[in-house]
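This is a predicted model, so every value here is computed, not measured.
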Amino acid sequence: MSAFTVKGWCPDAWRPMRSGDGLLVRVKPRLGRLTADQVRGLCAAAIPYGSGVIDLTSRANLQLRGVSEDGWQPLLQTLITLDLVDADAAREQRRTILVAPQWQEDDDTHRIACDLIARLCSLPELPGKVGFVIDAGAARALGGETGDFRIERAVDGALILRADGRATGVAVPRGGEAVALIALAQWFVDSGGAATGRMTRHRAAVPDWAIGTVPPSPSRAPLAPGPWVRGVAWGLPFGQVTAESLADLVAPGSEVTALRLTPWRLLLVEGPRDLPPPHSMLADPDDPVLRADACPGAPYCPQASVETRRLAARLAPLIAGRLHVSGCAKGCASQRAADVTVTGRDGLYDLSLNARAGAPAVRTALNHDALLAYFGSK
């Protein structure tokens, strides 16, 4: 495989990451929710300071693309004013919290996430990709998503603390969940976990107080486009949308009051349940593009040697299962095995089946047309 660089950290608004189209500035809305005013402000800033292209990430964050060197600081200040970014860089870096997106005010997910946010200063310094999961609804929604320290609904209806990579967790008392998460994160650092980078790679025995035998409840299926309890859900092709499309949703006179972000490239709109989708969003739950993952690819990522998303859009209708098109062997768009995985290498594509990006290939060095022809496209 061609060489690629594992960054070991994720960008945020205070520490953007350079990409092929400029700086990437990540925005982590509290509880994964933006009010209509925040959406308007963010979109108004994304165009003059960046390219106007926005990614919805697998951590339910927004990533503003194409930000210029000169535009970064004015953009940062705008995001702070909108209360989308913390004015303290250290607190912003610590706020890596994925919450089950269908939370309701004052339910367990909302209560625990707010408590953890209020205690961010108590967290130790953690590796850049380490994060928390709050999945305390009636049934788990985030069982398939990565997160190192987790509060989850258990099979018996209680809430448990679970270290990622461990099959079971320990029951925690109501009100003590955030304290338990912080204690587990502190143990991770004290026991040398920072050197491994993630909880799943840390092989030290979990402390006695965090050992439990309670399994988490089964995960329900991820949300799909269609109505939800507070409005409607729409898919974003490959998790990307333009600032213009988002701004149109909350234009003056719109009945949309807020947007919620999910880790499934799905946008939850708070508003009328019969709202028609913008042309750039997916309302059909059976749209094949919803089964496809594709990173930005070349020329947007300097590590990619191939175009990805146009190819993925053409391949998706030809494939019955899950598709992953990756610009390099790093596999940023998905860390899971897909039924069909296409990995870029030196300007051509390698094809793997039931595998992750970079896995041994059944066909190598295919060009665009040869790859489509393999799946029957003329």
Side-chain angles (χ1 to χ4, degrees), residues 9-13 17 24-35 38-39 42-43 46 53-65 79 82-86 92-105 107-110 112-114 116-117 120 128-137 139-152 164 181 219-225 228-241 246 249 256 258-270 281-282 290 293 295-296 332-336:
W9 59 279
C10 293
D12 64 23
M17 182 181 287
L24 301 178
V25 175
R26 185 169 291 190
V27 180
K28 301 181 286 189
R30 290 165 181 81
L31 302 170
R33 182 179 185 269
L34 302 88
T35 66
Q38 288 176 320
V39 175
L42 179 140
C43 292
V53 175
I54 301 172
D55 292 330
L56 174 56
T57 77
S58 61
R59 298 297 298 171
N61 300 152
L62 293 178
Q63 204 155 253
L64 309 186
R65 301 195 66 93
L79 296 172
L82 290 168
D83 197 30
L84 289 171
V85 170
D86 202 293
E92 179 68 15
Q93 192 277 326
R94 290 184 173 105
R95 199 160 47 80
T96 53
I97 306 168
L98 177 61
V99 301
Q102 288 180 282
W103 57 266
Q104 304 293 326
E105 191 166 354
D107 70 4
D108 284 333
T109 297
H110 178 266
I112 297 164
C114 289
L116 183 58
I117 291 170
L120 287 177
K129 289 184 176 291
V130 166
F132 299 83
V133 170
I134 312 296
D135 194 7
R140 285 197 309 158
L142 302 173
E145 311 309 319
T146 58
D148 299 84
F149 316 114
R150 314 174 71 96
I151 294 291
E152 298 172 311
D164 200 27
L181 285 167
S219 284
R220 62 188 178 197
L223 288 170
W228 73 291
V229 66
R230 289 200 171 187
V232 64
W234 294 323
L236 301 184
F238 310 116
Q240 195 164 88
V241 68
L246 282 186
L249 282 181
V256 173
L259 301 179
R260 295 195 190 192
L261 312 180
T262 79
W264 311 301
R265 300 181 176 91
L266 195 74
L267 194 66
L268 303 188
V269 180
E270 294 187 20
M281 299 184 191
L282 306 176
L290 292 171
D293 297 302
C295 65
C332 291
S334 176
Q335 295 300 306
R336 302 184 188 91

Minimum-distance pair of heavy atoms, taken over all atoms of Gly239 and Arg265: N-CD, 3.4 Å

For Val256, side chain to side chain contact (heavy atoms under 4.5 Å, CB included) partners two or more places apart: Val250, Ser254, Leu259, Val269, Leu275

Side chain to side chain contact (heavy atoms under 4.5 Å, CB included) partners of Asp107, counting only residues at least two apart: Trp103, Gln104, Thr109, His110

Which residues share a side chain to side chain donor-acceptor pair (under 3.5 Å) with Asp164, sequence neighbours left out: none

Least distance between heavy atoms, Cys10 atom then Lys129 atom: SG-NZ, 3.6 Å

Asp86 with Lys28: basic N within carboxylate O range, under 4.0 Å: no

Contacts of Leu56 that satisfy side chain to side chain contact (heavy atoms under 4.5 Å, CB included) - sequence neighbours left out: Leu62, Leu236, Leu261

Counterpart residues, side chain to side chain donor-acceptor pair (under 3.5 Å), relative to Trp264 (two or more places apart): Glu145

Arg30 (side chain) donor-acceptor with Asp83 (main chain) under 3.5 angstrom: yes

Contact check, side chains of Ile54 and Leu246, non-hydrogen atoms, under 4.5 Å: yes

Validation row: Leu282, Trp234 side chains within 4.5 angstrom (heavy atoms): no

Qualifying residues under salt bridge (charged side-chain N to carboxylate O under 4.0 Å, His left out), relative to Arg26, sequence neighbours excluded: none

Atom of Pro225, atom of Gly235 and distance for their closest heavy-atom approach: CG-N, 4.0 Å

Shortest non-hydrogen contact from Ile134 toward Leu181: CD1-CD1, 3.6 Å

Flag, side chain of Asp293 to backbone of Ser334, donor-acceptor distance under 3.5 Å: no

Flag side-chain contact, heavy atom, 4.5 Å: Asp12 against Val25: no

Test salt bridge (charged side-chain N to carboxylate O under 4.0 Å, His left out) applied to Arg65 - qualifying residues, sequence neighbours left out: Asp21, Asp55

CZ on Phe132 to CZ on Arg94, rounded to 0.5 Å: 10.0 Å

Under 3.5 Å donor-acceptor, Arg59 side chain and Thr146 backbone: yes

Heavy-atom donor-acceptor pair, Gln38 side chain to Leu82 backbone, under 3.5 Å: yes

Pro222 side chain reached by Thr262 side chain, heavy atoms, under 4.5 Å: no

Closest non-hydrogen atom pair between Leu142 and Ala100, with its separation: CD1-N, 3.4 Å

Close side-chain approach of Leu249 to Met281, heavy-atom, < 4.5 Å: yes

Which residues share a side chain to side chain donor-acceptor pair (under 3.5 Å) with Asp148, sequence neighbours left out: Arg198

Sequence-distant partners of Phe238, ring-ring contact (aromatic ring centres under 6.0 Å, His included), two or more places apart: none

Non-hydrogen side-chain atoms of Ile151 and Asp135 separated by less than 4.5 Å: no

Atom pair CD1/CD1 of Ile112 and Ile97 - distance to nearest 0.5 Å: 11.5 Å

With Arg220 via salt bridge (charged side-chain N to carboxylate O under 4.0 Å, His left out) - residues at least two apart: none

Side-chain heavy-atom pair Val27, Leu42 within 4.5 angstrom cut-off: yes

Set of residues satisfying side chain to side chain donor-acceptor pair (under 3.5 Å) with respect to Glu152, sequence neighbours excluded: Arg140, Arg150, Arg162

Minimum heavy-atom distance between Ala224 and Ala233, given as atom pair plus value: O-CB, 3.8 Å

All salt bridge (charged side-chain N to carboxylate O under 4.0 Å, His left out) counterparts of Glu270, not counting sequence neighbours: Arg33, Arg260

